[in-house]
Amino acid sequence: MSSVDEFTLIDLLNGGKQTIAFQRAGGVETGIGDDAAVVRASSDSRWILTCDTMTEDIHFKRVTMRDADIGYKAMASAVSDIAAMGGTPRYALVALSMPKSTPVERVRAMYDGLYECANRYRVVVAGGDTTSCIGGVTLTVTVIGETEPDKALLRSAARLGDVVFITGFTGDSAAGLEWLLGKNKPSEEWDDDPELKRYPGLIRAHCRPEPQIEAGELLRRSGFCHALNDVSDGIASEAWEIAAASNIGIDLIEDRIPVSGELLEYASKQGKDPLDYMLYGGEDYQLIGTAPAEHAVELQMQFKEAGLPLYLIGYVHEEHSGVRLVRSDGSAVSLAKRGYNHFTG
Ligand SMILES: Nc1ncnc2c1ncn2[C@@H]1O[C@H](COP(=O)(O)OP(=O)(O)O)[C@@H](O)[C@H]1O
Ligand SMILES: Cc1ncc(C[n+]2csc(CCOP(=O)(O)OP(=O)(O)O)c2C)c(N)n1
Ligand SMILES: [Mg+2]
Ligand SMILES: [Mg+2]
Ligand SMILES: [Mg+2]
């Protein structure tokens, strides 16, 4: 597998024996390649289909998440891909694989977290599957969401004249993960360690991410949003996906990208650049997208009225692909298409 990166691999799985015409005939309007698929449900409704997996030692360890967090985040990350399409989540199916020796209390705690998240976002858990396995616990959550015809917010919809926005802080989750890995303390013992309470926001961002369903729905209803993605692999990777799918370039303005106080403090203590966490960390589950510049102020007003943040962090530039970072001194540097990648990281 080392010679194939995650996104090249997914491209290899795209199409092949199922032609676009076959997908269309089956009602698939958007197939592999966006955050979720869009499928015709009826003349006035579309289903949005997505699934996400969390697997032990890749997405979590005993020292990085409590059992309830694992279930919560498995549901949250799948729900987030519905937000990334501007959809409303409706139903979920949950596949659980675990070693025979897994204590039942552990699974109960995971499901407490999973249902907490499902209830919060009004997702009905309608079924699933359970198997034993060799190795760690794996949770795969499939979520079905809904939107109106032609309303799904696609990666490919960015246009010249658009601004780029983001719905909140990034980098906190990656910093929280690094901090927890450094502490290397089983989550059952976190409460006994006052040191671990030093960065509650970073730990919360990593363990209890908040999928931006309300923001996604607002973007859809506003009619102003063009492209949209959720940030699971880092801002750089997601901006690259929008740029490539839309065949445009993106400039991100360093000073405009919002950063939390805790990340600033943590990064400076580590002697690191907060931007590294923000651009390349991932698992933030904020929404990054584009909207026509002439509607940007109105969009910001609508967000303000809803009590939600929205930051303008860049703009779409000439018609060539790629992402650049405009630094404080005005210089522009190309951003590597780097971020979390399952097979090259
Ligand atoms: N094994 C697979 N088989 C078919 N499609 C896949 C597979 N893995 C991912 N995809 C599709 O590839 C696209 C990108 O997936 P992914 O990078 O996981 O998206 P995201 O980061 O938004 O969760 C999605 O449309 C997803 O449905
Ligand atoms: C123990 C541990 N090591 C590393 C990470 C970091 N990490 C794992 S997966 C991932 C990216 C997001 O997960 P992915 O499966 O790629 O979700 P998707 O992009 O499909 O939404 C990151 C940043 C982690 N969460 N936990
Ligand atoms: Mg996504
Ligand atoms: Mg995914
Ligand atoms: Mg990913």
Side-chain angles (χ1 to χ4, degrees), residues 5-7 9-10 13-14 30 32-38 48-66 69-70 72-87 89 95 135-143 145 152-156 166-167 170-187 202-203 205-209 211-213 215-216 227-242 245 276-289 338-345:
D5 88 291
E6 179 189 343
F7 301 106
L9 177 66
I10 292 174
L13 308 175
N14 192 348
T30 301
I32 296 173
D34 215 301
D35 295 282
V38 182
I48 303 177
L49 314 178
T50 183
C51 74
D52 257 329
T53 291
M54 277 187 56
T55 193
E56 196 153 3
D57 289 328
I58 300 295
H59 296 86
F60 59 88
K61 288 177 190 274
R62 297 298 287 259
V63 298
T64 66
M65 270 195 242
R66 292 156 292 223
D69 299 330
I70 295 165
Y72 192 98
K73 189 164 170 178
M75 179 60 71
S77 68
V79 164
S80 177
D81 279 320
I82 302 290
M85 306 298 285
V137 171
T138 296
L139 269 173
T140 297
V141 180
T142 299
V143 178
L153 302 172
L154 308 181
R155 287 176 185 176
S156 53
I166 196 156
T167 55
T170 55
D172 287 17
S173 170
L177 170 67
E178 186 182 271
W179 168 246
L180 290 166
L181 285 172
K183 286 273 153 204
N184 200 25
K185 206 161 223 185
S187 54
L202 303 187
I203 293 179
H206 186 68
C207 296
R208 295 277 169 149
Q212 299 295 305
I213 288 294
L228 198 63
N229 240 6
D230 68 329
V231 184
S232 62
D233 301 324
I235 296 183
S237 179
E238 310 296 343
W240 260 97
E241 280 180 355
I242 292 176
D276 281 339
Y277 300 91
M278 295 153 69
L279 294 174
Y280 305 116
E283 297 185 291
D284 305 293
Y285 302 105
Q286 296 297 340
L287 298 178
I288 182 169
R338 185 154 73 81
Y340 192 85
N341 188 305
H342 277 283
F343 300 107
T344 59

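As the structure lists them, so they are numbered: ligands from 1, and atoms in each ligand from 1. The model shown is predicted, which means the values in this text are computed figures rather than measured ones.
At a threshold of 4.0 Å, the pair Lys73-Glu283 counts as salt-bridged, since one of the basic side-chain nitrogens sits closer than that to a carboxylate oxygen.
Judged by distance alone, the side chain of Arg155 and the main-chain N or O of Asn229 form no donor-acceptor pair under 3.5 Å. Put simply, the side chain of Asp5 gets close to the backbone of Phe7: a donor and an acceptor are under 3.5 Å apart. The backbone N or O of Val137 sits less than 3.5 Å from a side-chain atom of Glu56, completing a donor-acceptor pair.
Within Asp52, the N/O/S atom positioned nearest the Mg ion (ligand 4) carries the name OD1. The atom of Asp81 nearest to the Mg ion (ligand 3) is OD1, with the search restricted to N, O or S atoms. When the Mg ion (ligand 3) is compared with the N/O/S atoms of Asp230, atom OD1 turns out nearest.
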Using side-chain hydrogen bond (donor to acceptor under 3.5 Å, both in side chains), reason through Tyr340 and Glu6 one step at a time and then give a plain yes or no. CA-CA 9 Å; Tyr340 192 85; Glu6 179 189 343; over 6 Å; no

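At a 4.0 Å heavy-atom cut-off, the residues surrounding ligand 2 are Asp52, Ile58, His59, Phe60, Lys61, Leu177, His206, Ser232, Asp233, Gly281, Glu283, Tyr340, His342, listed by chain and number.
To the nearest 0.5 Å, atom CG of residue Asp35 and atom OG of residue Ser232 are 7.5 Å apart.
For the Mg ion (ligand 3), the set of nearby N, O or S atoms under 2.8 Å includes one belonging to Asp35.
Each of Lys61, Arg208, Arg62 was checked for a salt bridge (Lys or Arg N to Asp or Glu O under 4.0 Å) with Asp69, and the lone residue meeting it is Arg208. Of the residues listed (Leu49, Val143, Asp230), the one engaging Asp81 in a side chain to side chain contact (heavy atoms under 4.5 Å, CB included) is Asp230, and it is the only one.
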